[in-house]
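Notes follow once the structure below has been shown.
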2 protein chains.
Amino acid sequence: MADVARLAGVSMATVSRALNNSPLVNAETRQRVTELARTLSYRINIGAQNLRLGQNRTVGVVMPFDEATRQHLSDPFFLGMLGGVGGALAERGFDMLLSRVDADALDGTTQPYDSGRVNGVILIGQWRCHDRLNALAARGVPLVVWGAQLPQQAYCTVGGDNVTGGELATRHLIGNGRRRVAFFGDINLPEVAHRFRGYSNALKAAGLDPDPLLRVSVPFVPHGGHDGVRELLRRGVAFDAIFACSDLLAMTAINELRAHGRVVPDDVAVVGYDDIELACHFHPPLTTVRQPLVDAGRAMVARLLDQIDGRPATSMQLPTQLIIRESGGSA
Amino acid sequence: MADVARLAGVSMATVSRALNNSPLVNAETRQRVTELARTLSYRINIGAQNLRLGQNRTVGVVMPFDEATRQHLSDPFFLGMLGGVGGALAERGFDMLLSRVDADALDGTTQPYDSGRVNGVILIGQWRCHDRLNALAARGVPLVVWGAQLPQQAYCTVGGDNVTGGELATRHLIGNGRRRVAFFGDINLPEVAHRFRGYSNALKAAGLDPDPLLRVSVPFVPHGGHDGVRELLRRGVAFDAIFACSDLLAMTAINELRAHGRVVPDDVAVVGYDDIELACHFHPPLTTVRQPLVDAGRAMVARLLDQIDGRPATSMQLPTQLIIRESGGSA
DNA sequence: CTGAAAGCGCTAACAT
DNA sequence: ATGTTAGCGCTTTCAG
C-alpha cells in the first residue's frame with residue numbers, strides 16, 4: 001500500500017479511503033488510485049484490515065464426523081448443505097472456514113472462534129450434544145445449529161419441520177394401503193426423534209398401533225439401510241413399508257430388499273428423507289421428504305450475522321415437502 | 001494478552017513466549033502463565049499472530065461449480081476429495097478456507113490468496129483453463145491442482161493415472177467378452193481425455209477399432225448418464241458395454257438402461273469411475289476405478305506446503321485401481 | 001479533501 | 001530468564 005501511495009503521489013490514508021470507496025475522497029483521485037492499484041495488481045491485505053477493524057467477515061462451518069469410521073462427511077446431504085450455506089455466505093460477502101469435528105463430543109467446535117479466526121460458527125447437526133451446545137451459547141459464542149428445536153434450548157437452531165416430515169412420509173405410505181410401516185433411524189438424535197413422533201402421529205391418526213418391533217435404530221452411515229433390513233428380517237416381523245430417515249438409508253435398504261427378493265414398491269414401499277440429487281435418478285425413483293437447502297443456508301447465515309451484530313436471533317423451522325416419485329408406491 | 005501479563009506480573013513478551021512454548025522461558029513461569037490464560041479462557045488472536053508472522057496457516061480450497069446449473073458441487077466425489085484434503089490439512093495444523101468458483105472461467109480462484117487470507121490454493125479440477133492456470137503459476141501463486149498432467153504445464157498437479165484407469169476399465173469389459181464399448185465423458189476435460197486415451201489403447205490392444213459413434217460427450221452432471229444412453233439409442237448404434245467417467249454417470253446410465261429394458265450387466269456391462277461411497281451399495285454393485293482420495297489429499301497438501309516454503313514441487317500421479325463388483329459383468 | 005500519527009494484538013530483536 | 005521496543009498492513013481520528 002505504501003508503494004501505491006508513493007506512486008500515486010498521495011498518502012496511504014488516501015489510498016485506503018479510495019480503495020474503500022470513502023466519500024471523503026476526490027472522485028478523480030479515487031479513479032487514479034484505483035487504476036494504479038489494478039495495474040500493480042495490489043489487493044488490500046484482509047488480515048491486516050480485519051485486525052484493525054476488529055472483525056473478519058469469516059464464519060466457521062463445522063461438519064461433525066464419526067471419529068471411528070470417518071463416515072459422516074460422506075452423506076451427499078452434507079454437500080448440499082455446504083452448498084446452501086456457502087452460497088448464502090458468498091451473497092453476504094463472508095468467507096467460509098470449514099472444519100470437521102468429532103460428532104460424539106463436538107470438541108473444538110468453537111476453536112476457530114476462540115482464536116479469533118471467525119466471527120461465528122454454523123454447526124451442521126446437533127447430535128447428542130444439546131447440553132454442550134447450551135454451554136457454548138451461554139458463553140456468548142455466535143452460533144447457529146442445523147437441527148431440531150428442543151426444550152430448554154439456549155442456542156439458535158434452524159431446521160426442517162421434522163414432525164411434519166415424518167407425518168407426510170408415513171401418511172403417504174398408509175394412504176397407499178400399507179399397514180406395517182417400519183422406521184429406520186436413531187431416535188437419540190433430536191431430528192430423528194421428531195420424525196419418529198410424526199411417524200407415530202400418522203399411524204395413530206390412521207388407527208394403527210406403532211409396533212416397537214418395526215422401529216430399527218440405525219446410524220446415518222451408508223450400510224445402515226442394509227443392516228436395518230437384515231435386522232427386520234432377523235426379527236421375523238411382517239412389514240410392507242419402510243420410512244428411512246435419510247435417502248442414503250433408503251437406497252441401501254432398497255438394495256438389501258432386492259437381495260432378498262422383495263420388490264420395491266410392490267412388496268415393500270420405501271420413503272426416504274432429504275431429496276438428495278441422486279434420489280430422482282435412483283431405481284425406483286425415490287419418494288422422499290425434501291429439505292430446503294438453499295433457504296436453510298440463507299436462514300442460518302442471516303441468523304448468525306444477527307448474532308454477530310448483537311441482534312437477538314430466534315430459532316426457525318422451515319417447511320418440508322413430500323416429493324412423490326415411485327419408491328413409496330401408489331394408491 | 002495485556003491482562004494476562006498484568007495478572008501474572010510479567011510482560012507481554014513473556015506471556016507470548018510462554019504460550020508459544022519458547023525454551024527461553026522459565027518452566028515455572030510458563031506453568032503459571034498457561035494456567036492463568038486458561039482460567040481467563042484467553043486464546044492467542046490468530047489474526048494478529050498471522051499478521052505479525054507474515055503467514056497464516058490457512059489454505060484455500062476452491063471447488064469449481066457450473067454457474068448456470070450450480071451442479072458441480074453435487075458430485076459425491078467432491079465431498080470425498082474435500083474430506084481427503086481437509087484431513088491432510090488438519091494433520092499439518094492448517095485451516096481450510098472453502099470457496100466456489102465458476103468452472104468455466106476460474107475467475108477469482110486466487111482472490112483469497114491475493115487478499116492475503118490464505119498462503120496457497122488447492123483447486124479441484126483444471127477444467128478447460130490450462131492457460132489461465134499457467135498464468136497464475138507464473139505469477140508465483142502457490143497452487144496445486146487436482147487433475148491431469150499436460151504438456152507445457154507450469155503449475156503443479158496431483159491426479160490419478162487416468163490413462164491406466166481408462167485402460168483397466170476397458171480391458172475389464174473386453175475381458176468379459178464385450179466388443180462394443182461406449183465411452184461417456186467430455187474429452188475437452190484433460191482428465192477425461194486421458195481416460196479416453198486409455199480406453200482407445202485397450203481397444204486397439206484387443207484388435208478392436210474405436211467407433212466414434214460409441215463416444216458420447218456428456219458433462220459431469222447427474223442426468224448425464226440418462227442423456228448418454230438416450231443419445232446412444234438415438235444413434236441406433238449397437239453397444240454391449242459402457243465406460244462412464246464418473247460413478248454418478250454410471251449410475252444414472254444404468255437406470256436409464258433399465259428404463260429401456262436392458263439388463264446390467266447381462267445386456268450392457270457398465271464400469272464407472274471414482275468408487276464413491278455409494279458405489280458398493282448400488283444395484284448392481286458398481287465395478288469402478290478407484291481414486292485414492294486420502295493419499296490424494298495428503299499429496300496435494302504436501303506439495304502446496306513445499307511451494308509455500310519456497311521449495312519446488314513436482315507434479316505427481318497416483319495409481320488407480322480397478323474395483324471389480326458386478327456392473328461390469330464377469331467372464 | 002488530504003496528511004500525520006496512533007494503534008488493532010501480537011512477536012522478535014535487542015537489551016538487560 | 002525477562003523486559004523494552006519496534007513494527008506486521010491497515011484504518012481512522014484529528015489537524016490542516
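Each chain gets a letter, A, B and so on, in the order its sequence line appears, and its residues count up from 1. Values reported hereafter were calculated over all heavy atoms of this structure, with side chains retained and with hydrogens, waters and symmetry mates removed.
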**OP:** Only counting residues at least two apart or in another chain, list the ones meeting side-chain contact (heavy atoms from CB on, under 4.5 Å) with Ala18(B).
**Re:** Arg30(B), Val33(B)
Original post:
Atom CZ of Arg6(A) and atom P of dT2(C): how far apart are they, to the nearest Å?
Top reply: 19 Å
**OP:** Report yes or no: is there a donor-acceptor pair, N or O only, under 3.5 Å between the side chain of Arg17(A) and the base of dG3(C)?
**Re:** yes
Original post:
Taking atom types as modelled and ignoring hydrogens, do the side chains of Gln153(B) and Ser315(B) form a donor-acceptor contact shorter than 3.5 angstrom?
Top reply: yes
Original post:
Looking at residues at least two apart in the chain, or sitting in another chain, which of them share a salt bridge (Lys or Arg N to Asp or Glu O under 4.0 Å) with Arg92(B)?
Top reply: none
**OP:** Tell me, please, the opening and closing nucleotides of DNA chain D, 5' to 3', among those with an atom under 4.0 angstrom from a non-hydrogen atom of chain B.
**Re:** dA1(D) to dG9(D)
**OP:** Name the orientation class of the two ring planes belonging to Trp146(A) and Phe77(A) (parallel below 30°, tilted from 30 to 60°, perpendicular beyond 60°).
**Re:** tilted
**OP:** Can you establish whether the number of heavy atoms outside Gln317(B) located under 6.0 Å from its atom CD is more than 12?
**Re:** yes
Subject >> Rounded to 10 degrees, the angle between the two terminal axes of the helix from dC1(C)-dG16(D) to dT16(C)-dA1(D), each from five pairs >> reply: 40°
**OP:** Name all pairs fulfilling the salt bridge (charged side-chain N to carboxylate O under 4.0 Å, His left out) condition that reach into residues 41-50 of chain B, sequence neighbours left out, sorted by first residue then second.
**Re:** Asp114(A)-Arg43(B)
Original post:
Where each residue is assigned the nucleotide of DNA chain D containing its nearest heavy atom, which of Leu53(B) and Leu24(B) is assigned the position nearer the 5′ end?
Top reply: Leu24(B)
**OP:** Starting at atom CG of Leu51(A), determine the distance to atom P of dT11(C), rounded to an integer number of angstrom.
**Re:** 12 Å
**OP:** Taking side-chain contact (heavy atoms from CB on, under 4.5 Å) as the test, write out the residues that go with Thr58(A), two or more places apart.
**Re:** Asn56(A), Asp95(A), Leu97(A), Val118(A), Leu97(B), Arg117(B)
Original post:
To the nearest angstrom, how far is Ile46(A) atom CD1 from dC8(C) atom C1'?
Top reply: 16 Å
